[in-house]
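Step one of this worksheet: look at the structure below.
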Amino acid sequence: MRILIADDEQDMLRILTAYFQKEGYEVFTAGNGEEALAVFYREKIDLAILDWMMPKLSGLEVCREIKERSDKKVLILTAKSEEEDELKALHTGADEFIRKPFHPKILVLRAKKLLGDEKGQRYKTIRIDMEGSKIYKNDTDLQVTKTEFELMCCFIRHKGHILTRHQLLDLVWGLDYFGDERTVDTHVRRLREKVGGDLIKTYRGLGYSVEASDE
């Protein structure tokens with residue numbers, strides 16, 4: 001899934017980009033409304049997250065044009081607090097409206113709901129329950145830890161791609177983790193014992209991956 005985040009606050013863009021990338025989304029950013037529209041059409045965006053107050057074109061103006069020309073989802077961010085502002089955004093075509101300040105995790109959950117990606121995923125005999133943070137194999141709860149859960153989600157979101165230890169540390173443990181890279185090997189080994197040894201492939205000297213096909 002490709003997400004556009006448009007906001008003239010660079011710190012906001014940096015923080016939200018990190019959160020969405022951790023969840024496996026491809027993120028594109030823009031600092032004003034004109035740039036947002038250009039990125040939206042060029043990169044074939046699935047969801048546009050737009051700040052209401054932006055230079056050149058407002059988030060509502062961008063939303064209106066997107067909705068006139070496509071059926072893609074739009075989420076509006078704003079510091080405005082009046083009820084009529086929310087109504088105005090929804091009448092413009094916005095699918096969701098979130099007031100600032102907000103926690104990035106809340107935004108990610110709202111975005112997943114709009115994209116129909118909030119409940120779970122399947123991969124071969126594995127079913128991931130996103131809401132319950134559980135992994136099932138043939139309907140048996142594997143009793144995974146939080147890190148094992150996030151690691152498996154990461155593999156499935158990036159299936160078909162080899163992920164290095166460094167990439168996995170950034171995506172699962174976070175950008176501020178400075179521990180030993182070998183902790184990845186330990187958690188992959190434990191996860192394999194639960195999901196099945198042939199599910200996660202090792203590419204010696206490169207990293208780990210699951211196959212692109214879930215057949």
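In this chain, residues are counted from 1 in sequence order.
- Side-chain contacts under 4.5 Å among hydrophobic residues (ILVMFWY), followed directly or transitively, place Tyr136 with no other residue at all.
- Atom NZ of Lys88 sits in a sparse spot, with 12 or fewer heavy atoms from other residues, nucleotides or ligands closer than 6.0 Å.
- Between Lys73 and Asp95, the shortest heavy-atom distance links the atoms CA-OD2, 3.2 Å.
- A donor-acceptor contact closer than 3.5 angstrom links the side chains of Arg192 and Thr202.
- Between Asn32 and Glu34, the side chains place no donor N or O within less than 3.5 Å of an acceptor N or O (distance only, hydrogens not considered).
- Between Ile128 and Tyr123, every side-chain heavy-atom pair lies at or beyond the 4.5 Å cut-off.
- Between the side chain of Ser209 and the main chain of His161, a donor-acceptor pair closer than 3.5 Å is present.
- At least one side-chain heavy atom of Leu37 sits less than 4.5 Å from a side-chain heavy atom of Leu57.
- Leu107 places a side-chain heavy atom less than 4.5 Å from the side chain of Leu16.
- Summarising the local packing, CZ of Arg182 is surrounded by 12 or fewer heavy atoms from other residues, nucleotides or ligands at distances under 6.0 Å.
- Looking at every heavy atom in both residues, Ala94 comes nearest to Cys63 through N-SG, 3.5 Å.
- Side-chain atoms of Lys159 and Glu211, non-hydrogen and from C-beta on, never get closer than 4.5 Å to each other.
- Screening residues 186-210 for ring-ring contact (aromatic ring centres under 6.0 Å, His included), with sequence neighbours left out, gives Trp173-His187.
- Residues passing the side chain to side chain donor-acceptor pair (under 3.5 Å) test with Asp46: none are found, sequence neighbours excluded.
- Listed for the Gln21 side chain is no donor-acceptor partner under 3.5 Å among the backbone atoms of Ala18.
- In terms of modelled atom types and a separation under 3.5 Å, the side chain of Glu61 and the main chain of Ser58 share a donor-acceptor contact.
- In this structure, the side chains of Glu43 and Leu4 stay at 4.5 Å or more apart for every pair of heavy atoms.
- Contact of the Leu50 side chain with the Leu77 side chain is not registered, since no non-hydrogen atoms from C-beta on lie closer than 4.5 Å.
- In this structure, the side chain to side chain donor-acceptor pair (under 3.5 Å) partners of Lys100, at least two apart in sequence or on a different chain, are Asp7, Asp51.
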Going through the checks in order, is the salt bridge (Lys or Arg N to Asp or Glu O under 4.0 Å) test met by Lys112 and Glu23? CA-CA 10 Å; Lys112 285 184 176 183; Glu23 293 297 314; 2.7 Å; yes
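- For Glu68, there are no side chain to side chain donor-acceptor pair (under 3.5 Å) partners, not counting sequence neighbours.
- A distance-only check finds a donor-acceptor pair linking the side chain of Lys67 to the backbone of Lys72 [under 3.5 Å].
- Clustering of Ile, Leu, Val, Met, Phe, Trp and Tyr side chains at separations under 4.5 Å leaves Leu90 isolated, with no partner residue.
- Tyr25 has its side chain out of reach of Tyr19: every pair of non-hydrogen atoms, C-beta onward, lies at least 4.5 Å apart.
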